[in-house]
Amino acid sequence: MAKIQFSRGVNEEVIPDIRLTRSRSGESGTATFIFQNPNALGSGNTEDITGMYMIDEEGEIITREVKGKFINGKPEALEAVYIMRSPDEWERFMRFMERYAEDNGLEFGKS
């Protein structure tokens, strides 16, 4: 089962909006995740957020690029960016996304 966590051992139940970009050469890419009102912000204890962990049967993909969005001082969203620097990292990420999409009923759409 593919899952996303912001704190180790605590699965995020909110499904993100995910945007993918890839360089023309295919050598690198970026995935931007936007979680609106995620559970990780529900307790108001944002110190527990140590990164974004994408976990499946192959292992774990980690990014530390996680930012909170606040409106009127209240946590509203989390934005996480994962940068893929090689075709192998891109392929590994896509395998995770296929599993995550299947587990959460997501579909891929080109812009």
### Message
According to a hydrophobic-cluster definition based on side-chain heavy atoms being under 4.5 Å apart (Ile, Leu, Val, Met, Phe, Trp, Tyr only), do Ile61 and Phe33 belong together?
### Response
yes
### Query
With ring centroids as reference points, do Phe6 and Phe35 lie under 6.0 angstrom apart?
yes
### Query
Given the side-chain rings of Phe93 and Tyr82, with only the six-membered ring counted for Trp, is the space between their centroids under 6.0 Å?
yes
### Message
Holding to salt bridge (charged side-chain N to carboxylate O under 4.0 Å, His left out), I want the full list of residues that pass it with Glu89, two or more places apart in sequence or in another chain.
### Response
none
### Task
Carefully, step by step, assess Gln36 and Ile34 under the rule side chain to side chain contact (heavy atoms under 4.5 Å, CB included).
CA-CA 6 Å; Gln36 293 294 329; Ile34 299 174; 3.6 Å; yes
### Query
Hey, are Arg22 and Glu27 close enough for a salt bridge, meaning a charged N less than 4.0 Å from a carboxylate O?
no
### Message
What's the separation between atom CG in Asn39 and atom CD in Gln5, rounded to the nearest 0.5 Å?
### Response
12.0 Å
### Query
Near Arg64 CZ, under 6.0 Å, is it more than 12 heavy atoms from other residues, nucleotides or ligands?
yes
### Query
Counting distance only, does the side-chain N/O of Asp56 pair as donor-acceptor with the main-chain N or O of Glu58 below 3.5 Å?
yes
#### Entry: Whether over 12 other heavy atoms sit under 6.0 Å from Glu102 CD
no
### Task
Give a yes or no answer on whether the side chain of Ser28 reaches the backbone of Ser23 with a donor-acceptor pair at less than 3.5 Å.
no
### Task
Identify the two heavy atoms, one from Leu78 and one from Val66, that lie closest to each other, and give their separation to 0.1 Å.
CD2-CG1, 4.1 Å
### Message
Strictly below 4.0 Å, N to O, side chains only: are Glu60 and Arg8 in salt-bridge contact?
### Response
yes
### Query
Is any NZ, NE, NH1 or NH2 atom of the basic residue among Glu12 and Lys3 found under 4.0 Å from an Asp or Glu carboxylate oxygen of the other?
no
